[in-house]
Amino acid sequence: MSANAEQTESSVKSMDDIMSLCKRRGFIYPASEIYGGVNGFWDYGPLGAQLKKNLRDAWWTDVVMKGCDGKLGPNGKPVEIVPVDTSIIQNPKVWEASGHVGGFNDPMVDDKETKQRFRADHLFAVYLLEPVNEMKTDEHYFIGGAIERAIPDRTAVGNTPTEALKAICNESTLRKANGIKKLISGIFSGQDHRVGSFATAWVSTSNGERYIACVPLSDGILERRANEVPSPFTGKAGHLTPPRAFNLMFKTVLGATGNMEDNAAYLRPETAQGIFINFKNVVDTTRVAVPFGIAQTGKAFRNEVTPRNFTFRSREFEQMEIEFFCHPDEAAGWYAFWRDWRMEWWQSLGLEGDNLILREHDSDELAHYAKEGAGTSDIEYRFPFTAPGFGELEGIADRTNFDLKQHAEHAGAKLEYFDNTRGELAKNGQPKGERYLPHVIEPSAGLDRGVLALLCEAYTPDPERASGVYMKFHPRLAPIKAAVFPLVKKDGMPEVAAPLAAALRKRFGHLGTIEYDEKQSIGKRYARMDEAGCPFCFTIDGDTLTDNTVTVRHRDTLDQERIAIDSVPDYLAEKLGL
RNA sequence: GCGGGAGUAGCUCAAUGGUAGAGCGUCAGCCUUCCAAGCUGAAUGUUGCGAGUUCGAGUCUCGUCUCCCGCUCCA
């Protein structure tokens, strides 16, 4: 099958059908459904809860207990990871230090007329200036003059002044709204000590040629005089709202009688900070040495503006995070190591092929903590609702020493690490040691997003079979590990099948469900297991009673084989990779 | 938050303003020797919620909630 055909097939999967199966088979329900639901929250049913636990356990086992599943780090040594489980609520100062309270969300401006919304810091002032000869050679002079007028003639939206200027010159509706005929020159981008970055160009207008300059809006203008600022979409003033902050932090109150003013606290928006603020504790009380990582799984909360796409963007979600501490000089090597290994890990769980990609971030989408030029990449899955695009499963970021530095400053704590394997050699031949703030590589995965990706990947329509669809989970993750059926409920078959199920449950029950079912026709029972994603069914039939063999029915291929009943436990263990 | 669409049994869907139904699934019994077979029966609904119009509302109007799509946003 060609790559294109695969793409077509995967994008053909209907999210509605997947959600329907999730509900029907007990993977995921809308939260508070009998009360009409609550936007942005979901409940996991019996199969979903087990699937989620299996994914979390796989991560915990491979990352924490086995240290990257035994893969050696760039220093040639085993990777050391220790776990923590930190509180969802921390001292509110934690979130001030981390930048979440102040900068978590960007103030937004609405154009009430066109109903468009944009980031306040993405709105730029645009000025049309008279062409004077010397102006052509001294852009700074123009810009300096232009910003003397606080209310600009025009405005434009974009990530940068250059982008905004491009939009206003290239899009016909915007050109028309702003009285611009066409762009004559190329766009010049620059940096000015007074206004920051800016962009300029020559354009023709109905009044002849003009010099057009795009610069940041004067500070506070939108807050104080939003009514006078022209809309970037229509050029008309009086329709823009002042910038409004969207509070993505979940506020709560400490103390049974406390009021919100004095006792406000926040539910964590990420599990990472709980790790950073315990860095010193872990270093002081365990025998870890940099480089090492601290891992944690847990719930985090964000008041998303628009929860959307099933569980993909919900307001309560679970993360699986590692903060890996290393010497600044080694950060780049560890970043590449984690990026590549995390990709391999997701692939090992069945998210293979074109539906999974590793994408390095462009420099302009780096988060506030990510150093200029330091790496940030996403592992992304092509969900049915993002296809042909992708949605983020895990981000791997070089956070530098940003967080430790912030906490050291805000808390007044000494968070530097004393590395006694570094530094010049003393007379006795021992290194003198080096004191430094470690850099951090953060592989941060979304557990709920992982589950959703597994559900989407596993969902396999098959008109040939009775169920019409089956869930092709990796056996390691399948919530139901195996099923045991007597072919019919008589002739002594249940008496053989039930003890086999009990034996399997005793050995494998900690990994997932072992089903036993003697009701209804065998085809119906197989079909049910297909929808639940059970990889193996063991069926006791008439022959079992005479030759002690059972039928193994394989979910993905529908193949059947006979094996000795005594070998079933070992057979299953081998298939589960144990 | 804005615009558009939708909401009837677990699921998929019917029902001109006039007694809320079907198929599938689920459950019970019978039957059944390898892929949702068959027979008999059962349970399941304040038609998302709340008002209004009407003799009468699943159907028309308004409000509200939730979901879907598009914007917007997304550490």
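Below, read A as the first sequence line, B as the second, and so on, with proteins coming before strands; counting in each chain starts at 1.
Residue-to-nucleotide contacts include no donor-acceptor pair under 3.5 Å from the side chain of A/Ser20 to the base of B/rC11. Between the base of B/rC35 and the side chain of A/Arg525 there is no donor-acceptor pair shorter than 3.5 Å.
Nucleotide B/rA28 forms a pair with B/rU40, judged by Watson-Crick or G-U wobble geometry with both contacts under 3.5 Å.
For the pairing with A/Phe324, the ring pair (Phe, Tyr, Trp, His ring centres under 6.0 Å) check across A/Phe279, A/Trp334, A/Trp341, A/Tyr335 returns one residue only, A/Trp334.
Nucleotides B/rG23 and B/rG38 are separated by 13 Å at their P atoms, to the nearest Å. Atom name P, nucleotides B/rG56 and B/rA15: the rounded distance is 25 Å, in whole Å. Using atom C1' as the reference point in both B/rG3 and B/rC13, the two lie 28 Å apart (nearest Å). Only the C1' atoms considered, B/rG50 is 23 Å distant from B/rC55, to the nearest whole Å. B/rG17 and B/rG7 are spaced 15 Å apart, taking the P atom of each and rounding to whole Å.
The nearest whole Å value for the distance from the OH atom in A/Tyr526 to the P atom in B/rU33 is 14 Å. As rounded to whole Å, 18 Å separates atom C1' of B/rC67 from atom OH of A/Tyr29. The distance from atom CD of A/Gln520 to atom P of B/rG41 is 17 Å, rounded to the nearest whole Å. Straight-line distance from the CZ atom of A/Arg553 to the C1' atom of B/rU33: 17 Å, rounded to whole Å. A/Met19 places its CE atom 17 Å from the P atom of B/rG10, with the value rounded to the nearest Å. A/Glu518 places its CD atom 15 Å from the C1' atom of B/rC27, with the value rounded to the nearest Å. Rounding to whole angstrom units, CG of residue A/Leu558 and P of B/rC35 are separated by 11 Å. When rounded to the nearest whole Å, the span between CZ of A/Phe27 and P of B/rC11 equals 16 Å.
A salt bridge does not link A/Lys472 with A/Asp530: every distance from a Lys NZ or Arg NE/NH1/NH2 to an Asp or Glu carboxylate oxygen is 4.0 Å or more. The pair A/Arg528-A/Glu515 does not meet the salt-bridge criterion, since no charged nitrogen lies less than 4.0 angstrom from a carboxylate oxygen. Taking 4.0 Å as the cut-off between side-chain N and carboxylate O, A/Asp559 and A/Arg553 do not count as a salt-bridged pair.
Between A/Asn303 and B/rC73 there is no side-chain N or O to OP1 or OP2 distance below 4.0 Å. Residue A/Lys519 places at least one side-chain N or O under 4.0 Å from the OP1 or OP2 atom of B/rA28. A close approach under 4.0 Å does occur between a side-chain nitrogen or oxygen of A/Ser521 and OP1 or OP2 of B/rA37.
Both A/Asp491 and A/Gln319 lie near RNA chain B, and the one whose nearest nucleotide falls closer to the 5' end is A/Asp491. Nucleotides of RNA chain B nearest to A/Lys23 and A/Phe312 differ in position, and the one nearer the 5' end is that of A/Lys23.
The A/Ile522 side chain lies nearest to B/rC34 when the options are B/rC34, B/rA75, B/rC11. The side chain of A/Asp541 sits closest to B/rU33 out of B/rU33, B/rA36, B/rA75. Closest to the side chain of A/Arg528, from the set B/rC35, B/rU33, B/rU26, is B/rU26. Side chain of A/Lys524, nearest nucleotide from B/rA75, B/rA36, B/rC34: B/rA36.
Residue contacts shown for A/Met15 are absent, as no nucleic acid heavy atom lies under 4.0 Å away. Among the atoms of the strands shown, only primed sugar atoms or phosphate atoms (P, OP1, OP2) are found under 4.0 Å from some heavy atom of A/Gly40.
Side-chain contact between A/Gln273 and A/His407 is present, with heavy atoms from C-beta onward closer than 4.5 Å.
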Using the rule given for salt bridge (charged side-chain N to carboxylate O under 4.0 Å, His left out), can you reason through A/Arg359 versus A/Glu392, listing the C-alpha separation, both sets of side-chain angles and the distance that settles it, and then say yes or no?
CA-CA 10 Å; A/Arg359 189 177 68 85; A/Glu392 180 182 350; over 6 Å; no
